[in-house]
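Below is one structure, written out as structure tokens; the observations come after it.
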Amino acid sequence: MKQLKLKTLQFKILEKSYADRLKTLSYSESGIYYMPLHIRDFLNYIENKGITDINQVNDQNITDWINRLKNRKNQRRTGGISTAYINKHISALNNFARYLKETETGDIPANTAYLRNEEARKINVLTIKETEKLYEACETNIYGLRDAAMLSIYYGCGLRKKEGINLNTTDLLFNKKLLHVKKSKTGRERLVPMSPAVIQSLNEYINRSRPILLNKNNTEPALFISQRTKRISGQSMSLRLNRLLKKAEINKTAGLHTLRHSIATHLLQSGMKLEDISKFLGHKSMDSTQIYTHLSIEY
């Protein structure tokens, strides 16, 4: 795509102004780099079809472009490019369409449907109603308060399993309403916003439950404490989640990572930008976030 050259002046200006817009809105580095390239690919395609005015673009032009992507050979390995990679192009085009409308610089069809991703079919996601039932299943004793805090970390903050286990109380920056993830799968630290409900749940656990679980073991820094007054294990947390699922009468196979998939899907359904969800989850690349474009349609 970097080698593609646009001939139409209008298209050159639109690509440049779109790239500048992404920088102004503080998109991720990968988004700022790749999204304009995906748009250049589209503009180059319609230019070769004789279109020299962005307002001439119709649904059929977009469909034909996507079909061309489906038949494109993968330059790094045998076969074609992945569904997730094609969806990345579609995401960029939908974003570009919104940009054109907001800036009144053009009008092309928006909300192009994403391709079905086979990988997404393997992922279980809870509905918003089911997550509400999980919270309702939490009891008011010390373990129930810990359960609610667990849901707030894995669903409310979208953390990975190990990220939640590795949390210390000092990682909760209540005065800034942020959670500091220091140990992540990608090796990069990040700050995750905490909603008022998450803050309340964590405060109740820390003030009413954790001191009892510690049982005079005041040197343990871990946020989540086990019955043995030590940092809780991932297995124990998973067992607690299974207990909640059973009590809430949710007949789905779900783990701690299911809560992360669920919040990402619900955020996308609510209208949050894919780039912002990617930052929230701590993904290295937008490719990892693309899967939720399919899940948000299913649930």
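FYI, the numbering just counts along the sequence from 1. Quantities reported herein were computed from a predicted structural model and do not represent experimental measurements.
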Q: Say whether, by atom type as modelled, one donor and one acceptor occur between the side chain of N166 and the main chain of K162 under 3.5 angstrom.
A: yes

Q: Measure the NZ-CG distance between K273 and L267 for me, rounded to the nearest 0.5 Å.
A: 14.5 Å

**Q.** Short N-O contact, E163 and K182, less than 4.0 angstrom
**A.** no

Q) Any luck finding a side-chain donor-acceptor pair between R231 and N168 under 3.5 Å? A) yes

Q. If we only count heavy atoms from C-beta on, is the I90 to I66 side-chain gap below 4.5 Å?
A. yes

(Q) Distance check, rounded to the nearest 0.5 Å: I32 atom CD1 versus T24 atom OG1? (A) 9.0 Å

Q.
Quick one, F174 and I206 - any side-chain contact, counting heavy atoms below 4.5 Å?
A. yes

Q.
Using a strict threshold of under 4.0 Å (side-chain N to carboxylate O), is an ion pair present between E47 and K7?
A. no

Q) Is it the case that S17 and Y99 place a side-chain donor and acceptor less than 3.5 Å from each other? A) yes

(Q) Is it the case that the side chains of T265 and S262 hold a donor-acceptor pair, with the cut-off being a distance below 3.5 Å and no angle test? (A) no

Q: Could you point out which residue of L93, N44, I46 forms a side chain to side chain contact (heavy atoms under 4.5 Å, CB included) with W65?
A: L93

Q) In terms of side-chain geometry, is the basic nitrogen of D20 or K16 positioned less than 4.0 Å from the acidic oxygen of its partner? A) yes

Q. Are side-chain heavy atoms of V125 and T258 found at a separation under 4.5 Å?
A. no

Q: Could you check if a side-chain atom of R240 sits within less than 4.5 angstrom of a side-chain atom of Y143, using non-hydrogen atoms only?
A: yes

Q: Answer yes or no on whether K88 is positioned over the face of Y34, meaning its NZ or CZ is under 6.0 Å from the six-membered ring centre and within 45° of the axis.
A: yes

(Q) Between H257 and Y154, is there a side-chain donor-acceptor contact under 3.5 Å, judged purely by atom types and distance? (A) no

Q) Is a donor on one side and an acceptor on the other found under 3.5 Å between the side chain of N94 and the backbone of T112? A) yes

Q) Is the backbone N or O of F11 less than 3.5 Å from a side-chain atom of T8, with the two atoms forming a donor-acceptor pair by type? A) no

**Q.** Heavy-atom side-chain proximity of L134 to L259 below 4.5 angstrom
**A.** yes

Q) Is the closest side-chain heavy-atom distance between K133 and T127 below 4.5 Å? A) no

Q: Report, as yes or no, whether the 6.0 Å neighbourhood of atom CG on N111 holds more than 12 heavy atoms from other residues, nucleotides or ligands.
A: no

Q. Can you check whether K12's main-chain N or O pairs, donor with acceptor, with R40's side chain at less than 3.5 Å?
A. no

Q. Rounded to the nearest 0.5 Å, how far does CG of L69 lie from CG of N67?
A. 9.0 Å

Q | Carboxylate-amine/guanidinium proximity below 4.0 Å for K247 and E139 | A | yes

Q | Polar contact flag, side-chain donor to acceptor under 3.5 angstrom, Y18-N95 | A | yes

Q | R98 side chain to A110 backbone, donor-acceptor under 3.5 Å | A | no

